[in-house]
Amino acid sequence: MNKRLLTVTIISWLYIAAGAVGLAHHIMEINRQQPFQVELVWILLLSLIAIVCGALILRGSIWARWLALAWIAFHVLLSFFHSLQQVLMHGLLFVLIAYVLFRPEARAYFRRRETSDV
């Protein structure tokens, strides 16, 4: 049986929630006098990527794990422009997400899902 691990499900829903909250929050920042702000477009795109990562991880997509890891790695890099606390928090999240998505039980789940889709 291709039962998804609870930890993988939690990580997936956290990505979906983070993306949805980020999207809702940053949509409110759209200025009607200047609707196209390049930075805001990138932020909204990153929020959408988080939602897509979470949804595809729920479906068992192998490559979505890598995209999710790249997403949090990007946030670790961005944190260096803010504070040491943010670097440490995002770094901790990076390690936790990598562990959950790439431990042997999770790899077995994703591998079974990938071969059953073929």
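Because the structure is predicted, anything quoted here is derived from the model rather than measured.
- No continuous path of ILVMFWY side-chain contacts below 4.5 Å connects I10 to W13, so the two sit in separate hydrophobic clusters.
- In terms of modelled atom types and a separation under 3.5 Å, the side chain of T9 and the main chain of L5 share a donor-acceptor contact.
- Of the inter-residue distances, the one linking L101 atom CG with Y15 atom OH reads 7.0 Å to the nearest 0.5 angstrom.
- Within the 4.5 Å cutoff, the side chain of L58 has heavy atoms near those of the I16 side chain.
- A distance of 12.5 Å separates CD1 in I62 from CG in L56, rounded to the nearest 0.5 Å.
- Side chain of H90 to backbone of Q86: a donor-acceptor contact under 3.5 angstrom is found.
- Atom-to-atom distance recorded for L23:CG and L46:CG is 11.0 Å, nearest 0.5 angstrom.
- In F74, the CZ atom is not crowded: 12 or fewer heavy atoms of neighbouring residues, nucleotides or ligands sit closer than 6.0 Å.
- In this structure the side chain of C53 reaches within 4.5 angstrom of the side chain of I49, judged on heavy atoms.
- Between W66 and F102 there is a side-chain heavy-atom pair separated by less than 4.5 Å.
- In this structure, the separation between CD1 on I72 and CG on L92 is 10.0 Å, given to the nearest 0.5 Å.
- Although no hydrogens or angles enter the test, the distance criterion places no donor-acceptor pair under 3.5 Å between the side chain of R4 and the main chain of G60.
- F81 and L77 fall into different hydrophobic clusters, where Ile, Leu, Val, Met, Phe, Trp and Tyr are joined by side-chain heavy atoms under 4.5 Å apart, directly or via other members.
- Side-chain contact between Y99 and T7 is absent, with no heavy atoms from C-beta onward closer than 4.5 Å.
- Note that the CZ atom of R65 and the CD1 atom of I57 stand 8.5 Å from one another [nearest 0.5 Å].
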